[in-house]
Amino acid sequence: MAPPAEDGGPGGARTGTAEPAAAARIVQIRERIDEIDNALISLWHERATLSQEVGATRMASGGTRLVLSREREILERFRVALGADGTQLALLLLRAGRGPL
């Protein structure tokens with residue numbers, strides 16, 4: 001039995017299979033994954049920009065650089081929805097918006 005083809009899909013996409021129907025389905029799934037990734041990247045940038053604006057507005061009005069209770073709320077929301085990985089994702093989102101502590 002031959003090993004799976006490295007280039008088994010339509011359009012030269014690497015699918016890991018030489019079976020045409022499976023390769024075609026993998027390409028379709030990956031196209032949707034790429035669409036989702038692009039949406040996530042766009043939302044990430046939008047969220048970071050908005051968070052930076054909140055921080056700048058708060059500081060310009062004499063407030064603090066960050067509000068720990070708000071950060072804890074976000075961490076908890078992501079933890080409940082996504083488990084331990086959600087906590088890590090929330091930490092990355094928070095850092096993107098406010099910078100490192």
Side-chain angles (χ1 to χ4, degrees):
M1 178 185 233
E6 282 295 315
D7 186 11
R14 292 176 147 209
T15 61
T17 182
E19 202 284 308
R25 180 65 183 140
I26 289 168
V27 168
Q28 289 176 332
I29 294 167
R30 285 179 175 170
E31 287 172 355
R32 181 63 184 136
I33 288 170
D34 289 346
E35 290 171 358
I36 292 168
D37 288 349
N38 289 334
L40 288 169
I41 290 166
S42 176
L43 289 168
W44 178 284
H45 287 297
E46 181 181 1
R47 188 192 190 290
T49 299
L50 291 169
S51 182
Q52 290 164 8
E53 184 178 348
V54 166
T57 302
R58 186 174 45 246
M59 289 175 58
S61 68
T64 60
R65 178 169 172 248
L66 56 97
V67 176
L68 291 177
S69 61
R70 173 66 176 160
E71 292 207 358
R72 282 193 297 272
E73 176 187 318
I74 293 165
L75 288 165
E76 181 65 8
R77 182 179 333 132
F78 276 77
R79 185 196 62 76
V80 168
L82 303 172
D85 288 341
T87 301
Q88 293 303 309
L89 177 58
L91 288 167
L92 291 169
L93 286 168
L94 291 168
R95 182 179 175 139
R98 62 151 156 72
L101 292 176

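Residue numbers count from 1 along this sequence. Bear in mind the structure is a predicted one, so any value in this text is a computation, not a measurement.
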Fellow cluster residues of Leu40, listed by chain then number, with links counted only when side-chain atoms sit under 4.5 Å apart
Ile36
Taking every heavy atom of Thr15 against every heavy atom of Ile26, the minimum-distance pair comes out as O-CD1, 3.6 Å
Take atom CG in Asp85; do more than 12 heavy atoms of anything else shown fall under 6.0 Å from it?
no
Residue set satisfying side-chain hydrogen bond (donor to acceptor under 3.5 Å, both in side chains) with Gln88, at least two apart, ordered chain then number -> none
Who are the side chain to side chain contact (heavy atoms under 4.5 Å, CB included) partners of Ala22, not counting sequence neighbours?
Thr17, Glu19
Partner residues of Arg72 under the side-chain hydrogen bond (donor to acceptor under 3.5 Å, both in side chains) criterion, sequence neighbours left out
none
With the side chain counted from C-beta on, respond yes when Ile74 and Leu94 share a heavy-atom pair under 4.5 Å apart, and no when they do not.
yes
Go through the structure and list residues passing side-chain hydrogen bond (donor to acceptor under 3.5 Å, both in side chains) with Glu31, not counting sequence neighbours.
none
List the residues meeting side-chain hydrogen bond (donor to acceptor under 3.5 Å, both in side chains) with Arg79, not counting sequence neighbours, and say none if there are none.
Glu76
By salt bridge (charged side-chain N to carboxylate O under 4.0 Å, His left out) - contacts of Arg65 (at least two apart):
none
How would you list, by chain and number, every residue that makes a side chain to side chain contact (heavy atoms under 4.5 Å, CB included) with Arg58, sequence neighbours excluded?
Val54, Thr64, Leu66, Val67
Salt bridge (Lys or Arg N to Asp or Glu O under 4.0 Å) contacts in which one or both residues fall within residues 90-99, not counting sequence neighbours:
Glu71-Arg98
Are Leu82 and Leu92 connected in a single hydrophobic cluster, I mean Ile/Leu/Val/Met/Phe/Trp/Tyr linked by side-chain heavy atoms less than 4.5 Å apart?
yes
Distance-only check: which donor-acceptor pairs under 3.5 Å involve side-chain atoms of residues 44-53, not counting sequence neighbours?
from: Thr49; atom 1: OG1; to: His45; atom 2: O; distance (Å): 3.0
from: Gln52; atom 1: NE2; to: Ala96; atom 2: O; distance (Å): 3.2

Side-chain cluster (under 4.5 Å, hydrophobic types only) that Ile29 belongs to, other residues
Ile33
